[in-house]
Number of protein chains: 2
Amino acid sequence: MQNNINKLFKAIADPTRREIFHALVIATSALSITQISNQFDMSRQGVTKHIKILNDAGLVQMSEQGRNRFCYADPKPLKEVNKWMQFYSQFWDDSLNNLDNYLNANKNA
Amino acid sequence: MQNNINKLFKAIADPTRREIFHALVIATSALSITQISNQFDMSRQGVTKHIKILNDAGLVQMSEQGRNRFCYADPKPLKEVNKWMQFYSQFWDDSLNNLDNYLNANKNA
DNA sequence: TAATTTAGCAACCATATAGTTGCGTATAAA
DNA sequence: TTTATACGCAACTATATGGTTGCTAAATTA
């Protein structure tokens, strides 16, 4: 359906998912779905859906223990996003990259 | 409706928008809507919508000249995404950040 | 054994998203 | 002046998304 980088960008596009991810990153232990839900003003099922998307993107890993499913963050896939951005970082402070120059190059359009 | 960082993450979440943005970044001149459309298998209106979202996120700037609207990329807002990621980068290669450690910390859950 | 807790699954809902077509209008070219 | 081009606006469509509730089953606790 979708390749990894697409899943990744989609996963971090939602603010609630970024919050859940953040909560897991700063947590000192893996958290169960219920534990995560308690931190958010949302039903357990809502959280479960977000967790699934984060898991599909590789940003959250799971470990089943009895009736619990402990979740923990794995930020490694973000390296891919970082790689994507690195290409554009060369233009961040590029003063050539401004209106005048672009438009001058476009005189005969 | 949405703050800047949310607009930004949403804007880059769509693969077509990332392609349009990329095309503008590597273009040697600003491109009109029609010129961009010609590079994609999509209607002009479809491209216009994507451009609007990129523009709202600050990733694309516009300059009207007669009947043309020239678009050029502005990667600066991506700095914000980079800032977001920097926090998590400290955990990328953190060997403590693995299943066993998390679960050990969770023994009495 | 009975009650409680954790969580999955399915159905449902409202809204957002990604795309289209048709049409009108301003600008530029013949 | 007529024709062609670039573009915005509006309406429409299909599907994705973010959320809910209700139910069932498995695991744990009393």
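Residue numbers start from 1 in every chain, and the chains themselves are labelled A, B, ... in the order their sequence lines are given, proteins ahead of strands. None of these values were measured; they are calculated from a predicted model.
Going from atom CZ of R17(A) over to atom P of dA16(D) covers 15 Å, rounded to whole Å. The CG-P distance, from D56(A) to dT17(D), rounds to 11 Å in whole Å. In this structure, K10(B) places its NZ atom 15 Å from P of dA16(D), rounding to the nearest Å. Rounding to whole angstrom units, CG of residue N38(B) and P of dC7(D) are separated by 10 Å. Remark: P of dA18(C) and CZ of F40(B) are 14 Å apart, rounded to the nearest angstrom. If you take CG of N6(B) and C1' of dG18(D), they are 14 Å apart, rounded to a whole angstrom. Straight-line distance from the CD atom of Q35(A) to the C1' atom of dT5(C): 12 Å, rounded to whole Å. Look at CD1 on I33(A): it is 17 Å from P on dA27(D), rounded to the nearest Å.
Within the 4.0 Å cut-off from OP1 or OP2 of dC7(D), at least one side-chain nitrogen or oxygen of T34(B) is found.
Separation of atoms CD1 (I53(A)) and NZ (K7(A)) is listed at 11.0 Å; rounding is to 0.5 Å. Residue Q86(A) holds its CD atom at 8.0 Å from CG of N82(B), rounded to the nearest 0.5 Å.
Counting only distance, with no hydrogens or angles, the side chain of R17(B) and the backbone of I12(B) share no donor-acceptor pair below 3.5 Å.
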| said: Using a 4.0 Å heavy-atom cut-off to protein, can you give one letter per nucleotide of nucleotides 19-28 of chain C, 5' to 3': B if the base is in contact, S if only the sugar-phosphate is, - if neither? | reply: BBBB----BS

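Qualifying ring-ring contact (aromatic ring centres under 6.0 Å, His included) partners for Y88(B), counting only residues two or more places apart in sequence or in other chains: F21(A), H22(A), W84(B).
Side chains of N6(A) and R18(B): a donor on one and an acceptor on the other come within 3.5 Å.
Under the ring-ring contact (aromatic ring centres under 6.0 Å, His included) criterion, no residue pair touches residues 29-64 of chain A, with sequence neighbours excluded.
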